[in-house]
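First up is the structure itself, then whatever we jot down about it.
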Amino acid sequence: MSRDDEQRKAPAEEPQGGEQLALIRDSVRKAKVPRAKPRTWRGAALAKDRPVAKVLVDKGPVHLDKLWDYAVPAEMDAEARPGVRVRVRFGAGTGRVREGRREGGGLLDGYIVDRVAESDYRGPLAAIAQVVSPEPVLGPGLLALCRAVADRYAGSLADVLQLAMPKRNVRAESETSPPPLPPPGPPEPGSWARYPAGPGFLEALAGGGTPRAVWTALPGPHWPDEWAAAVAATLASGRGALIVVPDGRTAARVDAALTRALGGAGRHVLLTADLGPEERYRRWLAVSRGSVRAVVGTRAAMFAPVRDLGLVGIWDDGDQSHSDDHAPQPHARDVLLLRAVHEKTGFLLGDLGRTVEAAQLVENGWARPLEADREQVRAVAPLIRTVDEGEVARDAEARAARLPTLAWQTVREALNRGPVLVQVPRRGYVPRLACERCREPARCRHCAGPLEARDADRLACGWCGRAETAWHCAECGGARLRASIVGARRTAEELGRAFPAVPVRTSGRDHVLDTVPDRPSLVVSTPGAEPVAEGGYAAALLLDGWALLGRPDLRAGEDALRRWLEAAALVRGQEDGGLVVVTAEPTQRPVQALVRWDPAGYAARELAERSQLGFPPVSRMAAVAGPGEAVAELIASAPLPEGTETLGPVPLPPTPPGRPRRPGDPPPGARWERALLRVPPGQGRALAAAVKEAKALRLARGDKDPTVRVDPLDIG
DNA sequence: CAACTATGTGAC
DNA sequence: TCACATAGTTGT
């Protein structure tokens, strides 16, 4: 078959008009085209006005992080507006047809970013194959945000778009969104009046200002309503608001508060993953179209294209779920920080505690602390008591329930007044079992991974999964491990026997209870799954504090305090008899911070210490993981900023079986190493840029490894 | 020096 | 990613 024959066949095989492009690719080769105006296909009519579309190709190799010019056929002129989804042919041999089949150069998804009159590209332009839908989903603001996130995290724009853009759904898109409601009036300060700067913050928002605050929320049930008031104030100024919370349960609580505050459901939407793709897209479109101006949602909502944003907010920024599992693993706090700066909005970071990152925002003056007076705190916080973890109860009943005397007495007394919360760390939450005698961590004899308690008395390696039946300490020869954690279920059983007259409920990973009634009951929960008690818990026990504090993680202390505060905040104030008993070493700083209910002080000290030691977030880091050679090459080729330190590389443990692989985890069977790059304060952007450049260079050669993680969380 | 494989580059 | 060009390598 001659080439001419092949070409003649092409249009018949491909119904899409755009395929005529195949005709010119062979006849007009790039090399033969002298410098000239952009040319396109032969004969076919192009859009009269601005016939060149700048297209962002969404999938495919990452170094395609640039815009490509495509011709806009006349018949697509009206629909091919900036922001719409398109399909384009891409790749060498585009559109060439042999034996009736297209060869190479598949159809790729993309977005039109802009329409221009001329192209810089000297060759013939291919035409847009198809406008997928006329809905402009990727506006300039969202695109700029995605770019900023990609840069900040040394990731590709395509990866970020994957996180930011919802999947298209035809039915949702074909519907019209309801017309926007007029802005509400400014809200009353309500419980914000408990914070000296609270009413002023609301007024600033309502008046069109952009206040920035780190808010240490008072314990108790009011914070969802306080979020709602902040949103209402922003709406009152004619602007939009976006609040990101860690999980669907919290989102539902804030959503309910918004419905109360805004007098109905028409002014805001809840955006969470469990809505399902269709409903999610429907709501996302309502936001994108400007029909709704206020959003509360989980992580992915951080990209929601709220029109004329006036406030971004995040609740509980220390929660791990704010950090995305997908490359480049952006953290909601930082994405919202970028939005606050780029879109010139107000910013509110709310938390019962305070992360070191939040403390840094306060310390460098970017945000103001929004806190209640000590007096106010004392009034609403429960009384906190510590009991030594080593204490063995004297009475037999307490011993049977494995409770220290004070804990036992507290439960018995409080059960007369209402529900009692018992927080038990998740089993397997402690990666580090240790020798009872010398505290040396118990390690696997095969791979040196940490041993974990699988059952009451079965041990297994957390890395390779091999069972250990006869452990003894490599240091001192001891054969006993420090008490392992008793899981929530077993604790519930034991407490049920000890208090037979009282119902015992559990809330944990699989069964998370939302609320419990205001009646005497025992509620055993793992951290983060605590149900809300309608009238507040009469008391709480925070058991096995050593387990939370003993994790081999830079954030162990901060995280333990966070989880304790979260549980303790559900307990009635001490004026109403609320009491919390925590079993932990009372000299430890997080424990003292809990007793004094002073998360801000704790975070400030922690920040100072990390600053001194050159730890994040003051110094910034990037983790580079991959095969040893690849790691070394990437680091060598990166134009790293002055003062960069390379820590490691060290061998990376295999991905624990059972856990889904995340970026940065070695593939099964592979031996990977990880190096940490550390830069002095102020060099974070330069570090990300350098690593991104080196990565792009390797990627152009087809090397996928290594993976890069900016601001790694899991540095021991 | 043809036939084959490794390496590199451009894609609109 | 993937086709294609080109440089480099082998074999007779």
Item to complete: Measure from the side-chain N and O atoms of A:H322 to the backbone N and O of A:W315, and report whether any donor-acceptor pair falls under 3.5 Å.
Response: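 Yes; judged by distance alone, with no hydrogens or angles, the pair exists.
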In whole Å, what is the span from the [atom1] atom of [X] to the [atom2] atom of [N]?
X	N	atom1	atom2	answer
A:R122	B:dA11	CZ	C1'	17 Å
A:K66	B:dA11	NZ	P	8 Å
A:R698	B:dG8	CZ	P	13 Å
A:Y70	B:dC12	OH	C1'	5 Å
A:R115	B:dC12	CZ	C1'	15 Å
A:L46	B:dC12	CG	P	16 Å
A:W68	B:dA11	CH2	C1'	5 Å
A:D159	C:dT1	CG	P	13 Å

Practice prompt. Using the six-membered ring for Trp and the full ring for Phe, Tyr or His, decide whether A:Y121 stacks on the six-membered base ring of B:dC12 (centres under 5.5 Å, planes under 30°).
Written response: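 Stacked: centres under 5.5 Å apart, planes under 30°.
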In a table with atom names and distances, give each donor-acceptor pair under 3.5 Å that connects a side chain of residues 78-88 of chain A to protein atoms at least two apart or in another chain.
residue: A:R85; atom: NH2; partner: A:P166; partner atom: O; Å: 3.2
residue: A:R85; atom: NH2; partner: A:Y281; partner atom: OH; Å: 3.3
residue: A:R87; atom: NH1; partner: A:D109; partner atom: OD1; Å: 3.0

Discussion item. Suppose the criterion is salt bridge (charged side-chain N to carboxylate O under 4.0 Å, His left out): which pairs have a residue in residues 680-697 of chain A, not counting sequence neighbours?
Written reply: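 Of all non-adjacent pairs touching residues 680-697 of chain A, those that pass salt bridge (charged side-chain N to carboxylate O under 4.0 Å, His left out) are A:D151-A:K692.
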Worksheet item: So A:F90 and A:W68, would you call those rings parallel, tilted or perpendicular, with 30° and 60° as cut-offs?
Response: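 Answer is perpendicular, since the angle exceeds 60°.
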